[in-house]
Q: 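Sharing a structure with you now.
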2 protein chains.
Amino acid sequence: MAQVFLAAELSPTVQRRVLYRELRDRSDHPDAEALFAAVKQRLPDVSLATVYRNLRLFVEAGMATELKVEGSSSRWDGNTHRHHHLLCSACGDVSDFFSEELDQLGDSLELDRGFEVQGMDVRVTGLCGDCRTP
Amino acid sequence: MAQVFLAAELSPTVQRRVLYRELRDRSDHPDAEALFAAVKQRLPDVSLATVYRNLRLFVEAGMATELKVEGSSSRWDGNTHRHHHLLCSACGDVSDFFSEELDQLGDSLELDRGFEVQGMDVRVTGLCGDCRTP
DNA sequence: TTTTGTGCAAATCCTTTGCATGGGT
DNA sequence: ACCCATGCAAAGGATTTGCACAAAA
């Protein structure tokens with residue numbers, strides 16, 4: 001993990017390390033409050049402001065992504081590999097999915113207006129396994 | 001336009017008709033403030049609350065879509081045809097694009113966990129024509 | 001006259017910021 | 001000592017809500 005902070009030119013404070021580890025190790029795209037609660041278990045005095053401040057820094061450094069979805073506050077994503085999202089319209093759950101074909105198609109998209117592609121996020125909405133058959 | 005309101009079971013008040021028309025006739029995915037300003041030209045006494053209230057109703061009725069993008073307030077989209085979005089990371093511009101292949105691929109996506117697909121929004125980020133070569 | 005929609009203002013939620021303190025080098 | 005990150009509390013922006021009045025049925 002040390003290299004990550006080194007590369008990002010961010011000093012690896014305890015708060016940052018605990019926050020980053022939490023974000024990286026879970027795949028449920030938590031919001032700031034959830035991360036705050038998790039970090040607080042280890043660092044009872046941490047503040048919500050610190051969580052927000054550092055999430056912003058992580059995003060700037062490419063260590064994380066902000067995911068704004070309707071119906072909730074921003075979700076945060078520590079997965080830096082190319083991937084896309086499944087959004088459950090019933091429970092609000094967000095999960096990752098990967099698709100070779102989609103990525104290839106994305107790379108070769110013919111876009112008019114000379115748009116220069118930097119990235120792509122596919123959001124598939126629907127019902128997750130749990131919500132489909134209760 | 002009357003049928004749209006009929007189908008949505010929304011009474012076609014002046015405010016709603018002006019707002020809907022504005023939203024439907026522009027493709028720049030305006031935010032609530034921009035729509036408010038536009039509607040105000042015709043209805044000087046309209047309130048921002050009415051704009052927000054009705055946008056929500058439009059979305060519930062499937063007449064519009066909310067588009068939460070980072071770095072700005074919610075954008076609203078009156079295009080009800082299947083389409084995707086180009087987001088310019090420089091100027092914040094949002095535009096539509098269409099792709100047969102993408103839609104077909106989306107329809108046939110093999111998703112594990114028994115996810116039942118309802119819709120798909122592809123967000124391509126990058127530089128729009130204007131920002132690419134200034 | 002009953003219902004429904006509106007304008008206004010206040011409230012709420014999420015996120016950011018200013019500032020004094022504390023920790024690390 | 002210096003600098004940067006933190007905690008706290010206050011500020012800020014976007015959106016929603018309560019309420020009294022107006023419009024429509």
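Lettering follows sequence order; numbering is per chain, from 1.
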Q: In this structure, is the centre-to-centre distance between the rings of B:Y20 and B:F5 below 6.0 Å?
A: yes
Q: Does atom CZ (B:R42) have a neighbourhood of more than 12 heavy atoms from anything else shown, all under 6.0 Å?
A: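 12 or below, so no.
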Q: Just report the end-to-end axis angle for the helix from C:dT1-D:dA25 to C:dT25-D:dA1, five pairs per end, to 10 degrees.
A: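 The helix from C:dT1-D:dA25 to C:dT25-D:dA1 shows an end-to-end axis angle of 20°.
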Q: Regarding B:D96 and B:H29, do their side chains bring together a donor and an acceptor under 3.5 Å, going by distance alone?
A: yes
Q: Counting primed atoms plus P, OP1 and OP2 as sugar-phosphate and everything else as base, spell out the protein contacts along nucleotides 3-17 of chain C at 4.0 Å heavy-atom distance: B, S or - for each nucleotide, 5' to 3'.
A: --SBBBB----SSBB
Q: Out of curiosity, B:S89 OG to A:Q118 CD, how far, rounded to the nearest 0.5 Å?
A: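 Separation between the atoms: 3.5 Å.
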Q: So for atom CZ, which belongs to A:R21, do other residues, nucleotides or ligands contribute more than 12 heavy atoms lying within a distance under 6.0 Å?
A: no
Q: Is A:R75 salt-bridged to A:D77, cutoff N-O under 4.0 Å?
A: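 No, this pair does not count.
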Q: Give the minimum heavy-atom separation between A:A38 and A:R26, together with the two atoms involved.
A: CB-NH1, 4.0 Å
Q: Name every donor-acceptor pair, under 3.5 Å, that has one atom in a side chain of residues 48-57 of chain A and the other anywhere in the protein, sequence neighbours excluded.
A:
{"unit_1": "A:T50", "atom_1": "OG1", "unit_2": "A:S47", "atom_2": "OG", "d": "3.2"}
{"unit_1": "A:N54", "atom_1": "OD1", "unit_2": "A:R16", "atom_2": "NE", "d": "2.9"}
{"unit_1": "A:N54", "atom_1": "ND2", "unit_2": "A:T50", "atom_2": "O", "d": "3.1"}
{"unit_1": "A:R56", "atom_1": "NH1", "unit_2": "A:E66", "atom_2": "OE1", "d": "3.3"}
{"unit_1": "A:R56", "atom_1": "NH2", "unit_2": "A:E66", "atom_2": "OE1", "d": "3.1"}

Q: Tell me: CG of A:L55 to P of D:dA5, nearest whole Å?
A: 15 Å
Q: Tell me: CG of B:L35 to C1' of D:dT15, nearest whole Å?
A: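 Atom-to-atom, B:L35 to D:dT15, this comes out as 14 Å.
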